[in-house]
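FYI, side chains are in, hydrogens and waters are out, and symmetry mates aren't considered; it's all heavy atoms of this structure. Quick caveat, the model's predicted, so the values are computed rather than measured.
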Amino acid sequence: MACGFRRSIASQLSRVLDLPPENLIKSISAVPISRKEEVADFQLSVDSLLENSNDHIRPDIQVQAKKLAEKLKCDTVVSEISTGPGTVNFKINRELLTKAVLHQVIEDGSKYGLKSELFSGLPPRKVVVEFSSPNVAKKFHVGHLRSTIIGNFIANLKEALGHQVTRINYLGDWGMQFGLLGTGFQLFGYEEKLQSNPLQHLFEVYVQVNKEAADNKNIAKLAHEFFQRLELGDIQALSLWQRFRDLSIEEYIRIYQRLGIYFDEYSGESFYREKSQEVLKLLESKGLLQKTIKGTAVVDLSGNGDPSSICTVMRSDGTSLYATRDIAAAIDRMDKYNFDTMIYVTDKGQKKHFQQVFQMLKIMGYDWAERCHHVPFGVVQGMKTRRGDVTFLEDVLNEIRLRMLQNMASIKTTKELENPQETAERVGLAALIIQDFRGLLLSDYQFSWDRVFQSRGDTGVFLQYTHARLHSLEETFGSGYLNDLNTACLQEPQSVSILQHLLRFDEVLFKSSQDLQPRHIVSYLLTLSHLAAVAHKTLQIKDSPPDVAGARLHLFKAVRSVLANGMKLLGIIPLFHPVGWM
């Protein structure tokens, strides 16, 4: 990829340095564009070639860069060689750059950047991604939004790279809260309300039964008995629980459809209530299980009684805990999917929990525990609707759609849309996702409605606007111009900057594939949109000679294609028709 330029440079370097080209590929990077000056297209980091040298005898890097540059020659691909601080810089023949980049973008389509030599030798893997995981019988809490969109991004990226991905939604569908809910529904539930608005009604029942249980010990006792009946497999209790679960999943699927997200498997803690007993037996057979004075069972992961390394795996009444069920789930998934990697996407508060789960799997003899990874993320603060504190995701989605519709209605240039509700939701979701993905996933961030809806600047609204406007250009001029390409017509600085930026897409994808951070792609797409905005003003298509118009249209089509590819990876559905207010 990078249109074969990186490999061509590596071939020449390999002859001079007597190293295989494959060893040099990742040391050659496309140069980020600069607003201040024209930059080279690629650079070789001399430092990376000297990484294995002894620090005391390392030669001066600048001297080495100059010596190396003197041994290299320009050819049909490289038109200029220079040196920078610790680098050798390569400028590509301008006409070849234009032709190769635009041809590659159009030819590779949705695979542009993914066929790169940076990914060569990467075998297809079986990847399991567990994400979202809301609690059954409760409305979808906004706290699960980050897990949902981050997990979806990771699954999209892994799939795009050719891996076989299984998306699992591991529901919180077991535990003492179902004792309370079952009792609460028997006391305060209404069948009609459950039919018409299931999760809202179950939420109201749960609030009421908790309130009553605080003052009435008998209700707490009934709740405990109901959960014991569940654990023992009582048909009536399980039937009510199953109903709550099915109704919850129906509601969740409706919300996931709004987000454009799907799952291959809806699993849950309930699946492992029996298998977790097998985990306890295995721990006991290996002499790892210890009973406490309170009657609970624990595992000492330190082996020396360190209190911070004690993990409780069984309650005093013999029932399993969250950690035990997670261990049982991991073992079951390995049996079922034989995964190469399993990724858990949850908030950073669960970091210790997953460390203990992975450690426990290891001491139980499961070497594949090192294939399990936790991707933690920070907390979103200040996500409120106009009514005040918000706890439910649907309220946020409705608020986004409403505000977008109001913005659209307030601007006279807004065209009539076939489906304004859907357009408003797509733009709103893009705004939400870009605000979330701009920083490090591990960082907490302050949510801001004002920032979300800015149509200029580094926002999802701006990305959607750019994509739609470029698509509109293709619709307006496309049929007459997208035939032959005269590369000599794309030598303006604005065109060259875009072409140089398009060269870097594979490196950005590679970076995100290494650390699973979407911010690299977000930053790249925002820069691409700003470059396109500048070019759109200066590189006119209308009233230009046909070969100039055609070349510029090719360029804008390539930008839109790469923009769409990146947006889809992030979980954003691109808009095709511009909305006047944006």
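Using modelled atom types, one finds no donor on one side chain facing an acceptor on the other under 3.5 Å when comparing D326 with Y344. Side-chain contact annotation: H467 with R560, donor-acceptor N/O pair under 3.5 Å present. Q257 and Y252 share no donor-acceptor pair across their side chains, judged by distance under 3.5 Å alone. Looking only at atom types and distance, the side chain of D47 has no donor-acceptor partner in the side chain of S45 under 3.5 Å away. Side chains of T341 and H373: no donor on one and acceptor on the other come within 3.5 Å.
Remark: R258 engages E394 in a salt bridge, criterion side-chain N to carboxylate O under 4.0 Å. Ion pairing between D41 and R94 holds under the 4.0 Å rule for side-chain N and carboxylate O. Ion pairing between a basic and an acidic side chain is recognised when a charged N comes within 4.0 Å of a carboxylate O; E507 and R6 show such pairing. The pair R146-D436 meets the salt-bridge criterion, with a side-chain N (NZ, NE, NH1 or NH2) lying under 4.0 Å from an Asp/Glu carboxylate O. Between E265 and K336 there is a salt bridge, since at least one side-chain N of the basic residue sits less than 4.0 Å from a carboxylate O of the acidic one. With respect to E107 and K115, no salt bridge is recorded, no charged nitrogen being found less than 4.0 Å from a carboxylate O. The pair E425-R401 meets the salt-bridge criterion, with a side-chain N (NZ, NE, NH1 or NH2) lying under 4.0 Å from an Asp/Glu carboxylate O.
Looking at E492 and R552, their side chains come closer than 4.5 Å, going by heavy atoms from C-beta outward. When side chains are defined from C-beta on, L509 counts as touching F119, because their heavy atoms get closer than 4.5 Å.
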Next on the checklist: Show, in sequence, the C-alpha distance, side-chain angles and deciding distance for T98 and T487, and conclude whether the side-chain hydrogen bond (donor to acceptor under 3.5 Å, both in side chains) test is met.
Outcome noted: CA-CA 6 Å; T98 308; T487 54; 5.8 Å; no

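Residues passing the side chain to side chain contact (heavy atoms under 4.5 Å, CB included) test with N23, sequence neighbours excluded: P20. For T83, the side chain to side chain contact (heavy atoms under 4.5 Å, CB included) partners at least two apart in sequence or on another chain are Q62, A65, K66, A69.
Under a cut-off of 6.0 angstrom, the local environment of NZ in K348 is crowded, with over 12 non-hydrogen atoms contributed by other residues, nucleotides or ligands. More than 12 heavy atoms of other residues, nucleotides or ligands sit less than 6.0 Å from atom CG of D335. Atom CD of E22 is surrounded by more than 12 heavy atoms from other residues, nucleotides or ligands within 6.0 Å. Within 6.0 Å of NE2 in H103 there are 12 or fewer heavy atoms belonging to other residues, nucleotides or ligands.
Closest non-hydrogen pair, A10 versus I25, comes out as CB-CD1, 4.0 Å. In plain terms, the two heavy atoms of V427 and V461 that are nearest each other are CG1-CG2, 3.9 Å.
Q350 places no side-chain N or O within 3.5 Å of a backbone atom of H374 that could act as its donor or acceptor partner. For the pair S120 (side chain) and E117 (backbone), a donor-acceptor distance under 3.5 Å is present. With S443 contributing its side chain and G439 its backbone, the two residues share no donor-acceptor pair below 3.5 Å. Of the possible donor and acceptor atoms, none in the side chain of S147 sits under 3.5 Å from a partner among the backbone N and O of T346. Although no hydrogens or angles enter the test, the distance criterion places a donor-acceptor pair under 3.5 Å between the side chain of D340 and the main chain of K126.
Both the sub-6.0 Å distance and the 45° axial angle are not jointly satisfied by R504 relative to the ring of F42. Figure legend: R167 and F131 shown without cation-pi pairing, the cationic atom not lying both under 6.0 angstrom from the six-membered ring centre and within 45 degrees of its axis.
Classification of the W368-F339 ring pair by plane angle, with boundaries at 30° and 60°, yields perpendicular. Ring-plane geometry between F263 and Y256 is classed as perpendicular, the angle between the planes exceeding 60 degrees on a 0 to 90 degree scale with a lower cut at 30. Using cut-offs of 30° and 60° for the angle between ring planes, the Y322 and H353 rings count as parallel.
Summarising the geometry, atom CD1 belonging to I9 is positioned 12.0 Å from atom OG belonging to S27; distances are rounded to the nearest 0.5 Å. If you take OG on S495 and NE2 on H554, they are separated by 13.5 Å, rounding to the nearest 0.5 Å.
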